Amino acid sequence: MARILITSALPYINGVKHLGNLVGSMLPADLFARYMRARGHEVLFLCATDEHGTPAELAAAKAGLPVADYCAWMHGVQKRLGDGFGLSFDHFGRSSSPQNHRLTQHFAGRLAEAGLIEERSERQVYSPTDGRFLPDRYVEGTCPNCGYAHARGDQCENCTKQLDPTDLIDPRSAISGATDLEMRETKHLYLRQSAMQERLDAWLDGQTGWPVLTTSIARKWLHDGDGLRDRGITRDLDWGIPVRKGDADWPGMEGKVFYVWFDAPIEYIACGAEWAEAQGLDADAWQRWWRTDQGAGDVRYVQFMGKDNVPFHTLSFPATLMGSGEPWKLVDYIKSFNYLTYDGGQFSTSQGRGVFMDDALEILPADAWRWWLLSHAPETGDSEFTWEGFQTAVNKDLADVLGNFVSRVTKFCRTRFGEAVPGGGEWGPQEDALIAELQARLAAYAAHMDAIEVRKSAAELRAIWVAGNEYLQAAAPWAAFKEDPDRAAAIIRLSLNLIRLYAVLSAPFIPHTADALCAALQTDDRAWPDDVKTALTALPPGHGFSVPGNLFDKITDAQRIEWHDRFAGGRG
RNA sequence: GGGCCUGUAGCUCAAUUGGUUAGAGCAGAGCGCUCAUAACGCUUUGGUUGGGGGUUCGAGUCCCUCCGGGCCUACCA
């Protein structure tokens, strides 16, 4: 039994996440966590809301709530939606937790002692009307290069030229529209990542088998231009973790908070502390997962994230952990994803374009979404959601191939033998062939799941479902029943057991359906089938069952059209 | 501008990292079955692997070039 630590990128707090966010980190992480648990490994699966930063403050203001109240509310919303999708986090924490405050301040103190923090003075845009400093992209104005009127202070979206906010003509606050902007002197702390470049480079070189997407982004940042640059880790905001040097004040940093990207990854660890507290464990119980001097040496740590998160997880966070000089557990494997696009464009929160987690659960069961999203996970490139493709896949794979298999087997049995596993009859060559095929496919499925090859795993699982229909067609119990009822009983006995096998194997993808199948079969036996032949005898003759209702309703053309229009976005 | 990824059947994707005749699912066509959610099974049509050039006994895979799509480029997170 191995110990697997799994973290999903933290969903940002400023609203309900869309399906692209879900499939880019939380959902595949859940797939892997469920699979590893099913294989009997000890798993700690952590996630949390990422609650700090300017967008959180603005979202709170828009909602008319104090930012702390807003975050508490939205954390609850995201927690419920995660539960609705069956995300099996061992703990869903908050980056604003007291544990994260302490730990973030601790890391900053250690890094300072190690000489890896530098104080720098700089001039930034301040808006007296808004009463705050403005990040570059929150300053708007006319592009000096192309004349575009809504260029942002970091870059012009129209001509893509990189800008400095002072370059803009007629600059104004993107928040309030205020034009009385001024430049103010402010001091910030920088993490001296440049001093860590060689260690990070060597560490990355030592990793094998990581997705190209992960390593290419990391190497680009390490070797681009003058190499890895230092990064500011503080901000002039009210909401966040106050800058402190461990337990001590940090002279000159009063009123400032740590940058959200400094404290967010640390929340992975703090979330472990939150988990221990919530479980009523010893306060230090989390350390056996996170400290190599406290038993984490044999932990395999896997992170899941979208490609936009890669630099922080391959460089900044490892720099923080290494730089502390303490024996923290570093990530062993980073699984990164491309983007999911929506019907030819991007998901857009501001335009209401695309399907969000709350919408999704409102119109269809979670497993329909889980299956489509995972079987189309954007692993090698961006992948596109279309309603036509979604309808076809859900109807064909889930309703026809899997759902109908369960239906035809259980209903045939009920009609001919009653609602219990029938006895009598023997297995023959057809059963041997099926078992051999399943044993081979099971090995392929497990290999893909071990390698976190999500789409390939889904394809293999589907093939395992198909094998049941092929077998049933070849064995034809409805024909056998007329001549030799015992033979039909043997076929159906195996088929009912096959349903249990499908529930076990499919559970990481479609956990709710797996639960429904086990309930219908009146079994709690979820043991992973190392040997298929043995597994197909788990339900003995006489074992009762009930015919479940349709596992999946089909998506009608009318529904598809309605939803297509409803989520197309635009104003309204 | 620089960098990375990507282009394979009408559609969505594979192809053991240079090795026989490029494979699946969906869609299409034909046949079968009648247990089942008009479901299932079998057979089958469909490809100059974006274009061109090169290396090699051999290229979807490596190199050059052109064309198309996407992403990143460090103060959004």
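As the structure is a prediction and not an experimental result, all values here were calculated from the model. These values consider heavy atoms only, across backbone and side chains, with no hydrogens, waters or symmetry-generated copies.
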Checking all strands, does A/Lys220 fall into the base, sugar-phosphate, or nothing category for heavy-atom contacts under 4.0 angstrom? base
Sticking with atom P, work out how far B/G50 lies from B/U61, rounded to a whole angstrom. 8 Å
When you measure from the side chain of A/Trp478, which nucleotide among B/U12, B/A74, B/U34 comes out closest? B/U34
Report the residue (A/Gly403 or A/Ser383) whose heavy-atom-nearest nucleotide on RNA chain B is the more 5′ of the two. A/Ser383
Can you tell me how far C1' of B/C71 sits from CD1 of A/Ile217, to the nearest Å? 8 Å
Using the P atoms only, state how far B/G41 lies from B/U48, rounded to an integer number of Å. 30 Å
Per atom distances to the A/Asp382 side chain, the nearest of B/C26, B/C71, B/A77 is B/C71
Need one value for A/Pro477: base, sugar-phosphate or nothing, where a base atom within 4.0 Å counts as base even if backbone is also close, heavy atoms only. nothing
Just to be sure I understand the rule, does A/Arg235 reach a base, reach only the sugar-phosphate, or reach nothing, if contact means heavy atoms closer than 4.0 Å? sugar-phosphate
Rounded to whole angstrom units, what separation is found between the CG atom of A/Asn395 and the C1' atom of B/A27? 14 Å
Between B/U37 atom P and A/Arg408 atom CZ, what is the distance in whole Å? 11 Å
Please determine if a side-chain N or O atom of A/Gln346 lies less than 4.0 Å away from the OP1 or OP2 oxygen of B/C71. yes
Are the charged groups of A/Asp236 and A/Arg184 less than 4.0 angstrom apart, N to O? no
Under 30°, 30 to 60°, or over 60°: which ring-plane class applies to A/Trp369 and A/Trp387, parallel, tilted or perpendicular? perpendicular
B/A77 P sits how many Å from A/Tyr268 OH, rounded? 15 Å
Quick one: does A/Asp343's side chain have a donor or acceptor within less than 3.5 Å of a partner on A/Thr386's backbone? no
Classify A/Gly549 by what it touches in the nucleic acid, base, sugar-phosphate, or nothing, heavy-atom distance under 4.0 Å. nothing
Nearest to the A/Pro135 side chain among B/A77, B/C76, B/C35, which nucleotide is it? B/C76
Across all strands shown, which nucleotide pairs with B/C4 by Watson-Crick or G-U wobble geometry, both distances under 3.5 Å? B/G70
Under 4.0 angstrom, heavy atoms only, what part of the nucleic acid is A/Glu384 near: base, sugar-phosphate, or nothing? nothing
With a cut-off of less than 4.0 Å, is there a side-chain N or O of A/Tyr259 near OP1 or OP2 of B/A77? yes
B/C31 pairs with which nucleotide, Watson-Crick or G-U wobble, both distances below 3.5 Å? B/G41
Please classify the nucleic acid contact of A/Leu10 as base, sugar-phosphate, or nothing, using heavy-atom distances under 4.0 Å. nothing
Expressed as a whole number of Å, how far does the P atom of B/G46 sit from that of B/A9? 15 Å
Would you indicate what A/Phe405 reaches in the nucleic acid, counting non-hydrogen atoms under 4.0 angstrom: base, sugar-phosphate, or nothing? nothing
Listed nucleotide nearest any side-chain atom of A/Trp261, set B/C35, B/A77, B/G41: B/A77
So, are A/Arg132 and A/Asp130 salt-bridged, with charged N and O less than 4.0 Å apart? no
To the nearest angstrom, how far is A/Ile492 atom CD1 from B/A36 atom C1'? 11 Å
Closest-nucleotide 5' rank along RNA chain B - winner of A/Ala399 and A/Thr380: A/Thr380
If you check every side-chain atom of A/Asp224, which of B/A74, B/C35, B/U37 has the closest atom? B/A74
From CG of A/Asn469 across to P of B/G41 the rounded distance in Å is 5 Å
Return the nucleotide paired to B/C13: Watson-Crick means purine N1 to pyrimidine N3 with N6-O4 or O6-N4, wobble means G-U with N1-O2 and O6-N3, both under 3.5 Å. B/G23
Which residue is it: A/Arg231, A/Glu122, A/Arg120? I am looking for the one with a side chain to side chain donor-acceptor pair (under 3.5 Å) to A/Tyr190. A/Glu122
Please tell me if A/Lys396 has a side-chain N or O lying less than 4.0 Å from either OP1 or OP2 of B/C40. yes
Could you tell me how far apart A/Asp343 (CG) and B/C11 (P) are, to the nearest whole angstrom? 16 Å
Parallel under 30°, tilted from 30 to 60°, perpendicular over 60°: which one fits the rings of A/Trp465 and A/Trp371? tilted
Below 3.5 Å, does any donor atom in the side chain of A/Trp221 face an acceptor in the base of B/A74, or the other way round? no
Given 3.5 Å as the limit, does a donor-acceptor pair link the side chain of A/Asn395 with the main chain of A/Lys554, or not? no
Ignoring hydrogens and angles, are the base of B/A39 and the side chain of A/Asn404 linked by a donor-acceptor pair under 3.5 Å? no
Roughly how far apart, to the nearest Å, are B/A29 and B/G10 at atom C1'? 14 Å
Taking B/C62 as the reference, what is the distance to B/G7 when you measure between their P atoms (whole Å, please)? 11 Å
note: A/Asp164, atom CG; B/A74, atom P; distance rounded to Å ~ 12 Å
So, is A/Arg137 close to the B/C76 phosphate, meaning a side-chain N or O under 4.0 Å from OP1 or OP2? yes
Would you mind checking if A/Arg493 and A/Asp486 are paired as a salt bridge, meaning a charged N to carboxylate O distance below 4.0 Å? no
For B/C62, give its Watson-Crick or G-U wobble partner with both distances under 3.5 Å, or none. B/G54
Rounding to the closest angstrom, what is the interatomic distance between B/G30 and B/G18 at atom P? 44 Å
With a cut-off of less than 4.0 Å, is there a side-chain N or O of A/Tyr339 near OP1 or OP2 of B/C72? yes
Torsion-based syn/anti label for B/U44, 90° from 0 as limit: anti
In whole Å, measure the gap between the P atoms of B/A22 and B/U45 for me. 14 Å
Using the P atoms only, state how far B/G53 lies from B/A14, rounded to an integer number of Å. 28 Å
Option passing ring pair (Phe, Tyr, Trp, His ring centres under 6.0 Å) with A/His313 (candidates A/Trp210, A/Trp221, A/Tyr268): A/Tyr268
Under 4.0 Å between a side-chain N or O of A/Arg152 and OP1 or OP2 of B/C75? no
With rounding to the nearest 0.5 Å, note down the distance linking CZ in A/Phe312 to CZ in A/Phe317. 13.5 Å
What nucleotide among B/C26, B/A36, B/A74 has an atom nearest to a side-chain atom of A/Leu228? B/A74
Ignoring backbone atoms, test whether A/Lys456 places a side-chain nitrogen or oxygen under 4.0 Å from the OP1 or OP2 oxygen of B/A24. no
Options B/U37, B/C4, B/C35, nucleotide nearest the side-chain atoms of A/Ser216: B/C4
B/G25, OP1 or OP2 - any side-chain N/O from A/Arg462 closer than 4.0 Å? no
Against the side chain of A/Thr54, the closest entry in B/A77, B/U37, B/C75 is B/A77
Side-chain donor or acceptor of A/Gln391 under 3.5 Å from a matching atom on the base of B/C26? no
Looking at A/Lys554, I'd like to know whether one of its side-chain N or O atoms comes within less than 4.0 Å of OP1 or OP2 on B/A38. no
Is there a donor and acceptor pair closer than 3.5 Å between the side chain of A/Glu470 and the base of B/C42? no
